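Reckoned from all heavy atoms, side chains included, excluding hydrogens, waters and symmetry mates. Numbers restart at 1 for each chain; the letters A, B, ... are given by sequence-line order, proteins then strands. In this text, all values refer to a predicted model and were calculated from it rather than measured experimentally.
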Number of protein chains: 2
Amino acid sequence: MNEYCVATYRLFDDAASFDKKAEGIALGLTIGSWTDLPEAKKASMEKHLGRVLSVDVHESDEPGKRYADIAIGYPDVNFSHDIAALLVTVFGKLSMDGRIKLIDLSWSTSFQHAFQGPKFGIEGVRSLLSVHDRPLLMSIFKSVIGHDLDGLREQFYQQALGGVDLIKDDEILFENPLTPIQDRVRTCMEAAKQAQEMTGKSLLYATNLTGPVFKLREQALWAIDAGANALLFNVLGYGYDALHELSADPEIAVPILAHPALAGAMYPSIDQGISAKVLLGKLMRLAGADLVLFPSPYGSVTMPKEDNQGIKAACIDDTLPMKSSFPVPSAGIHPALVPVIVEDFGLDVVVNAGGGVHGHPMGTASGGKAFVQAIDAVMQQVPLEEAAKQHPELQVALERWGKK
Amino acid sequence: MNEYCVATYRLFDDAASFDKKAEGIALGLTIGSWTDLPEAKKASMEKHLGRVLSVDVHESDEPGKRYADIAIGYPDVNFSHDIAALLVTVFGKLSMDGRIKLIDLSWSTSFQHAFQGPKFGIEGVRSLLSVHDRPLLMSIFKSVIGHDLDGLREQFYQQALGGVDLIKDDEILFENPLTPIQDRVRTCMEAAKQAQEMTGKSLLYATNLTGPVFKLREQALWAIDAGANALLFNVLGYGYDALHELSADPEIAVPILAHPALAGAMYPSIDQGISAKVLLGKLMRLAGADLVLFPSPYGSVTMPKEDNQGIKAACIDDTLPMKSSFPVPSAGIHPALVPVIVEDFGLDVVVNAGGGVHGHPMGTASGGKAFVQAIDAVMQQVPLEEAAKQHPELQVALERWGKK
């Protein structure tokens with residue numbers, strides 16, 4: 001029985017002949033030619049032939065122009081079961097062929113079998129933190145470059161004191177002499193322990209996994225050896241397959257947080273590139289991201305809400321036989337937004353803030369506390385303004401960033 | 001002495017305050033904040049601070065709109081010397097920050113020191129083929145998926161008989177049971193040898209290196225062990241660093257041909273993504289591509305001529321302390337185009353054809369011969385129409401594809 005992976009494209013060129021264009025793609029990206037084949041050969045080649053599954057033509061906003069969404073099925077038998085092969089097959093050459101965007105991608109059961117998905121997923125990350133009933137809270141270092149271990153430790157400690165569940169490195173913190181990964185992990189995990197004595201809460205610290213690609217596994221083990229209990233990874237700098245192999249490795253038994261760095265080179269254009277849902281949702285989860293960062297629709301670095309919802313849906317789609325990925329909408333987050341975030345994403349979301357923690361007028365620890373208070377209020381269905389009467393940190397945050 | 005890598009962006013948003021935006025990038029992507037720093041700390045942080053090198057504001061084609069090209073210097077000391085770190089630093093988060101395109105990128109001497117560039121380069125590839133004085137000729141299989149070893153062998157043999165210098169796998173030929181890489185290499189190299197008895201010419205066969213990223217080195221050695229004398233690699237599916245590490249490996253002593261698959265997800269948009277010159281020129285060469293494929297400006301899958309020239313300039317820029325990469329403009333190439341290709345690219349170019357070889361009315365071998373004849377004619381400064389009088393293959397090709 002033949003199985004197919006299905007790519008859906010939005011085509012803006014060749015408005016007169018979308019059906020023909022679709023047939024050309026299905027043939028050109030698989031067996032190349034059909035009519036030239038001897039009849040005897042057609043029987044053996046048919047299972048390699050791409051299929052046009054649908055062609056939906058729409059009126060464009062440009063007067064007199066049309067565009068089409070076309071879905072093509074690619075036989076599994078044509079490519080190996082890795083994400084590089086899938087992407088090169090469905091959008092390698094085609095990405096360079098005019099105004100065309102890859103807007104959706106799904107895969108067959110047999111392709112799926114090569115992937116186990118996230119090792120922890122939403123439930124696994126919740127179990128590590130023993131937090132099952134509310135959004136998680138993550139904070140980001142204010143600045144990391146040029147700081148030494150003492151500087152990092154102090155920032156980490158203040159964040160941990162605020163009661164956050166996760167702290168992540170900045171994605172631009174690479175291996176460096178001031179804060180090499182093992183020292184950084186040891187220092188920060190000590191600060192976490194010290195803070196835990198005050199807060200009673202444990203946390204995950206996602207340290208940035210960087211370096212030469214063939215040494216990533218070794219580097220991950222090196223970080224874990226020093227006590228790292230989570231990893232941050234710039235997936236698009238290394239390809240999805242690197243994430244997949246790290247995630248599938250039984251020795252790398254910590255959650256991996258996928259950073260979207262470089263994704264903006266591909267998703268924002270209307271008529272080129274790859275949709276945010278595919279790039280940051282479907283493929284991140286398939287490759288094994290336990291948590292996925294992406295630009296929130298709330299701040300200055302924003303992503304359209306529709307893209308956000310596409311990513312969220314892909315992260316938690318329960319028809320897939322694998323664990324879910326935690327959506328982490330990021331940038332521009334402050335405590336007053338917590339109700340909106342929960343409205344948009346539900347409870348299975350990580351509230352992630354940088355400036356919204358460190359910029360708190362009472363300091364970083366208070367910034368974290370204000371978020372904790374906001375999350376508690378939302379869980380108790382108490383309006384933030386009401387809760388703020390009992391909580392000076394939240395009160396000050398609402399004054400600083402507005403009531404909504 | 002501080003060294004900087006320099007990224008140049010084209011910005012389309014915030015037309016009122018390009019200087020401020022530039023300062024925000026230089027600060028935001030390095031130390032994060034400056035005015036908040038204690039005076040004593042500024043001294044130690046200054047070497048980590050990004051620098052605005054230039055802000056050039058231009059009138060846009062849209063009435064009343066402007067755009068700006070801004071150049072930012074990023075201190076080397078901030079990132080490790082690998083391409084993932086460089087890209088994540090200069091365009092990780094920034095790629096998602098509105099209408100912005102990375103249009104140029106250059107690196108410091110100290111960054112350069114971590115890279116040896118192409119192992120063979122133009123001269124090295126020429127030496128392997130003992131061809132020093134003319135464009136090289138490459139051909140591509142007509143179709144590969146679904147064919148067995150006999151089918152591949154016959155296609156390969158016909159191409160080799162035509163007298164081509166290089167033959168490349170299709171980029172969508174992955175590891176598969178019909179033509180596994182070692183068998184494929186052995187079969188094709190035997191066919192090459194057999195053809196050489198007829199033509200007297202040796203050739204390079206670039207077999208497609210695919211599979212899980214952490215096994216690529218092993219897979220490359222496995223192919224070389226079977227006799228592979230060149231490799232094709234889908235660089236953007238795996239990240240530049242994978243190419244760099246393969247190319248730098250002394251045991252992988254064969255030229256690597258970089259395929260541009262997926263590049264179209266990033267370069268074509270005016271106001272998003274990464275320019276073709278950076279993606280397919282500068283970074284491919286830095287990472288060690290001996291030959292670089294890209295869409296020619298001549299065929300159906302085309303790239304603007306300006307982008308082509310940018311890639312070419314980056315491939316052969318002789319101010320860089322490394323070997324050059326062979327430019328391989330591809331798609332839509334037929335023998336009548338050879339004079340144009342030489343005019344556009346000079347003699348250090350690979351003439352690369354698929355349909356222009358296999359579609360020859362006298363067959364594949366004649367298709368190759370027509371190209372060889374066209375190249376000879378150009379080298380002797382004989383008009384193709386003139387040369388065609390002595391060469392039926394060229395004559396038929398000119399009739400088939402037009403005289404120019």
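- Ring orientation note: the planes of A:Tyr74 and A:Tyr9 are nearly perpendicular, at an angle over 60° on the 30°/60° scale.
- Within the 4.5 angstrom heavy-atom criterion, no atom of A:Pro177 approaches chain B.
- Note on A:Leu29, A:Thr30, A:Ile274: by heavy-atom pairs under 4.5 Å with chain B, the leading option is A:Thr30.
- Residue B:Leu94 does not touch chain A at all, counting heavy-atom pairs closer than 4.5 Å.
- Of the atoms belonging to A:Met45, it is side-chain heavy atoms, and not backbone ones, that fall under 4.5 Å from chain B.
- Using a 4.5 Å cut-off between heavy atoms, A:Leu102 makes no contact with chain B at all.
- Per-residue counts of heavy-atom pairs under 4.5 Å with chain B were compared for A:Tyr267, A:Tyr238, A:Phe214; the largest is that of A:Phe214.
- Contacts between A:Asp271 and chain B at a heavy-atom distance below 4.5 Å are absent for every atom of the residue.
- Remark: side-chain polar atoms of B:Ser296 are not paired, donor with acceptor, to backbone N or O of B:Pro329 under 3.5 angstrom.
- Ranking B:Gly92, B:Ala265, B:Pro75 against chain A, the residue ahead of the rest is B:Ala265, based on heavy-atom pairs under 4.5 Å.
- Taking a 6.0 Å sphere around NZ of A:Lys215, one finds it holds 12 or fewer heavy atoms contributed by other residues, nucleotides or ligands.
- When each of A:His259, A:His81, A:Glu175, A:Glu171 is checked for heavy-atom pairs under 4.5 Å with chain B, A:Glu171 comes out on top.
- Under the 4.5 Å side-chain criterion, counting only non-hydrogen atoms from C-beta, A:Leu105 is in contact with A:Leu86.
- If you tally non-hydrogen atom pairs under 4.5 Å between each of A:Gly98, A:Pro268, A:Ser33, A:Gly151 and chain B, the highest count goes to A:Pro268.
- Side chain of B:Tyr4 to backbone of B:Ile72: no donor-acceptor contact under 3.5 angstrom is found.
- Highest contact tally toward chain A, considering only B:Leu178, B:Ile145, B:Thr210, B:Asn234, is held by B:Ile145 [criterion: heavy-atom pairs under 4.5 Å].
- Under the rule for a side chain to side chain donor-acceptor pair (under 3.5 Å), A:Lys47 has no partner lying at least two apart in sequence or in another chain.
- Residue with the most contacts toward chain A among B:Arg99, B:His244, B:Gln272, B:Lys41: B:Gln272 (heavy-atom pairs, distance under 4.5 Å).
- Neither the backbone nor the side chain of A:Phe294 comes within contact range of chain B; no heavy atoms are under 4.5 Å apart.
- Taken from CZ in A:Phe91 to CD1 in A:Ile100, the straight-line distance is 5.5 Å, to the nearest 0.5 Å.
- Among A:Gly273, A:Gly239, A:Ala84, A:Gly146, the residue making the largest number of heavy-atom pairs under 4.5 Å with chain B is A:Gly146.
- Every side chain to side chain donor-acceptor pair (under 3.5 Å) that A:Asp82 has, sequence neighbours left out, goes to A:Ser80.
- Listed for the A:Asn308 side chain is a donor-acceptor partner under 3.5 Å among the backbone atoms of A:Pro295.
- Side-chain contact between B:Met266 and B:Val278 is absent, with no heavy-atom pair separated by less than 4.5 Å.
- Taking the side chain as every heavy atom from C-beta outward, B:Ile31 and B:Leu37 approach each other to under 4.5 Å.
- In terms of non-hydrogen atom pairs under 4.5 Å with chain A, the most contact-rich of B:Ala85, B:Gly32, B:Ser269, B:Ser44 is B:Ala85.
- For the set B:Ala263, B:Gly237, B:Pro212, the entry with the most heavy-atom pairs within less than 4.5 Å of chain A is B:Pro212.
- Residue A:Lys101 does not touch chain B at all, counting heavy-atom pairs closer than 4.5 Å.
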